[in-house]
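First up is the structure itself, then whatever we jot down about it.
Throughout, a chain's letter reflects where its sequence line sits, starting with A, and its residues are numbered from 1. If you're wondering where the values come from, they're calculated on a predicted model, not measured in any experiment.
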2 protein chains.
Amino acid sequence: MLDNDSKKIFGWSGPAAGAAIFRIIKNIGPISRTDIVKKTGLSKSTVSVHTKKLLEMGLIKESKSKNKSVGSVGRNRKLLKFAKNNGYIIAIDLGATSLNVGLCNLDAEIIDLKGKSVLVNSGPKKIMVEIDNFIEELIVNNNVSRNKIFGIGMGVPGPVEFSKGLPVSPPIMPGWHHVPLKEILQDKYNCPSFIDNDVNVMAVGEKHAGVAQNFSNFIFIKIGTGIGAGIICEDKLYRGSKGCAGDIGHISINGEEELCPCGNRGCLEIVAAGPAIAKKAKEAAKKRESDFLLSVLNKKGDITAKDVGEAIKKNDSSAIEIVKNSGQKIGQVTSRLVNFYNPSLIIIGGGVANIGNYLISAIKEEVFRHSTSLAVQDLEIELSKKNEEVGIIGAAAMAVNEIYSHDNVTEMVYLDSN
Amino acid sequence: MLDNDSKKIFGWSGPAAGAAIFRIIKNIGPISRTDIVKKTGLSKSTVSVHTKKLLEMGLIKESKSKNKSVGSVGRNRKLLKFAKNNGYIIAIDLGATSLNVGLCNLDAEIIDLKGKSVLVNSGPKKIMVEIDNFIEELIVNNNVSRNKIFGIGMGVPGPVEFSKGLPVSPPIMPGWHHVPLKEILQDKYNCPSFIDNDVNVMAVGEKHAGVAQNFSNFIFIKIGTGIGAGIICEDKLYRGSKGCAGDIGHISINGEEELCPCGNRGCLEIVAAGPAIAKKAKEAAKKRESDFLLSVLNKKGDITAKDVGEAIKKNDSSAIEIVKNSGQKIGQVTSRLVNFYNPSLIIIGGGVANIGNYLISAIKEEVFRHSTSLAVQDLEIELSKKNEEVGIIGAAAMAVNEIYSHDNVTEMVYLDSN
DNA sequence: TTAATTTGTTTGACATTCGAACAAATATAA
DNA sequence: TTATATTTGTTCGAATGTCAAACAAATTAA
């Protein structure tokens, strides 16, 4: 057997034609056998043999819709595609204040979704019960046979030791430190499970089915209660040496002095995230700088970032100023990241992302003004288009990626071959 | 033949046992056949056949020093190692003010080295002649037969379009824009050549033979005339989408207003690199804050960063303050990078790195104070130990890495097999 | 209807890999 | 010293994987 070290260092794991063919079909299918021959350089015979085996194993399907041949004449191609409905993935997106659980197919498409407001700091015991209930509902309502659940993916709002599936001292998740989530889920549902930081998961979701599908190096920035980033490097999630890469919420902002719970002053998160926007709006209301915000404050006794979004829709100048200001600060940090990382795409997501276009405009302006000219050449900055679902999609995609990773696929194909 | 796309996406390139075995021997040799069997999971017979072939081809050698067997009894192992002296690599390290050309073996070890002061902005025509002269000298002096030159690696002080080997609009390299260095060298010396940014090259050098050999994710920071970073991500150089990743010299510093030629204010490079240190030292001298610096100024009419280093050796408090201040600023930027990238190592190199320990202490202090606690857990910050040679080593290592990359090795092994 | 074209399968030859037997080198015990 | 156990490495025949070429199928144009 291959030891893990050699796999990692040398990326080698036995005769791999079958795995390569499967991977092509899964990732860029539907595709004809002829095109696989062209893509791989394998012979027609080899492709024929392996696709036959993959079909028998139920890993791929022959698509009904036939495809015209390359010229005007000739036999039509039969397209092969990944059998994405041959199993299920459970996707869990746990936020600071919300829980979503989805039933997905093997292409991370959402089949059914349950969600509710929860407080993550009410602790793992309570939350895990909620998760179990949702999963049971999804299984029953959709007639899922349990042995067809191939894996579970989960995002949590804090750093995670990915390989072990353990949350690590998450400040907003008291009581969750080193709770063995991976084991708990694996044992309960008898399938592999994968836990990661929610922002990382969202980045994976954008890569799999969002605006980043054709980008190899990009940064997903989540703006919500806090601010964090997910980093995709050469098409793969980059976690960093301790799993906390992308933790940009505590980068300091020029000239800001506000004390952050982390102990430093002027952290991006404390001066620009949702709560900061809400706080400033409240101050503006109190100073009577905005009639709309004042009326909200009087009516509800408090102002949220969402209210500021409503104010912007009404063209409230105070709200616009507050959001612009947040955008500038986030843009300041983003421009530094752009200089350092030279991504081809920045995605803005999270609960505050859609507060109004002033936010992303301010970010763009700041980045394009302050980053190196070469670094911003061809750089795109976009809002997430599946902001609500991308956590679920990403959690499922992460599980799928792991399950069908190089080594596992090779094993699958060749375990069967005897 | 495999098309390039599929190679990149699927990492697949035909029967690879021979290549895998070669790679193991090259990267972690000397190693016995038995250990290769354990590492790869291949059968003894397969390893035997391929090592035999690799020996015949001269790609590997049998080491003379014998290795005891695992238990107390049994036949001794014969160790196999990469035949690193079977060919040569020419390594070129072009700096803003210096040129070094080295003759290296296939393990990027320096056999002979030539260097002189040149000004890169005197243009490619002049410099390329200097390079050619050095190469000729090295070839003649060391009795190198020209067909044994397997490749050329070169670092230049500015961004490079790596795949084409073209410098890109480098501000400090007027006249070098899009000069086809790769082609020129390839055609002249009839071997593959690889051009990259000097900082990237140095990072590769640290990974190959410097302090970073056991680190998978680290940042090399070069402090000299400018400030730049080389990023290693999962053991590989990360170049970014436009090849300008690591361009941290123009990240802005809190509270600094000095105008940078780039158009922005308070850029790290303009307030903390070698020239900034020299400038501040001159001001201090003029203000008569330091006798030593004043005497230097009077003697030479100018002060360089090197002089400041000398002042520090004499415990000059002005010089110490100036260098500490630079360290703080570099540390400020570094701490942001640490939060974002979560590396396990930061290496400080370049001409100014050894100006005195106050520099790295200040950097360390800043990083450990301002970065997230999880991000600095296990983080090491070290000076480069081969500061002078690491550009040459890295240029050679880059060439070697490319020449013996997965695809090329596979080809080599299997071209021979018919 | 036939020929040309394109797609996909089958087949026999060849190359690669494996397990098992064998050979070589070394330490320990008789 | 000799015999035996142990470890390392090679050789050989069988099994497996891959390929090129022949074949079969599906489609268009003449």
Among the nucleotides C:dT26, C:dT10, C:dG8, which one has an atom lying closest to any side-chain atom of A:S45?
C:dT10

Within the structure, does a side-chain N or O atom of A:H50 lie under 4.0 Å from either OP1 or OP2 of D:dG17?
no

Looking just at side-chain N and O atoms, do A:S43 and A:S45 make a donor-acceptor pair shorter than 3.5 Å?
yes

Can you check whether B:K182 reaches B:F194 side chain to side chain, under 4.5 Å on heavy atoms?
yes

Starting at NZ of A:K39 and ending at P of C:dT7, how long is that distance when rounded to a whole Å?
15 Å

Between B:K148 (side chain only) and B:N86 (backbone N and O only), is there a donor and an acceptor less than 3.5 Å apart?
yes

Could you go step by step and tell me if A:I232 and A:F215 meet the side chain to side chain contact (heavy atoms under 4.5 Å, CB included) rule?
CA-CA 9 Å; A:I232 300 288; A:F215 293 80; over 6 Å; no

By a strict heavy-atom criterion of less than 4.0 Å, which residues belonging to residues 74-84 of chain B are in contact with DNA chain D?
B:G74, B:R75, B:N76, B:R77, B:K78

Verify, without hydrogens or angle tests, whether B:N217 (side chain) and B:E234 (backbone) share a donor-acceptor contact under 3.5 angstrom.
yes

Side-chain H-bond candidate by donor/acceptor type, A:D235 with A:S216, under 3.5 Å
yes

To the nearest Å, how far apart are B:I25 CD1 and D:dG9 P?
11 Å

Are B:F82 and B:Y404 close enough that their ring centers fall under 6.0 Å?
yes

Residue mapping more 5' on DNA chain D - nearest nucleotide basis, A:T46 or A:V73:
A:T46

Looking at D:dA22, C:dC18, D:dT11, which one has an atom nearest to any side-chain atom of A:K44?
D:dA22

Interatomic distance, B:I21 CD1 vs C:dT17 P [rounded to whole Å]:
8 Å

If you compare every side-chain N and O of B:T51 against the phosphate oxygens of D:dG9 (OP1, OP2), does one of them come in below 4.0 Å?
no

Can you tell me the distance, in whole Å, between the CD1 atom of B:I60 and the P atom of D:dG9?
12 Å

Euclidean distance, atom CG of residue B:L55 to atom P of D:dG9 [Å, nearest integer]:
12 Å

Euclidean distance, atom CZ of residue A:R33 to atom C1' of C:dT10 [Å, nearest integer]
14 Å

Nearest-Å distance, CG (A:L54) to P (C:dG8)?
15 Å

Nearest-angstrom distance from the residue atom CG of A:L42 to C1' of D:dA20:
14 Å

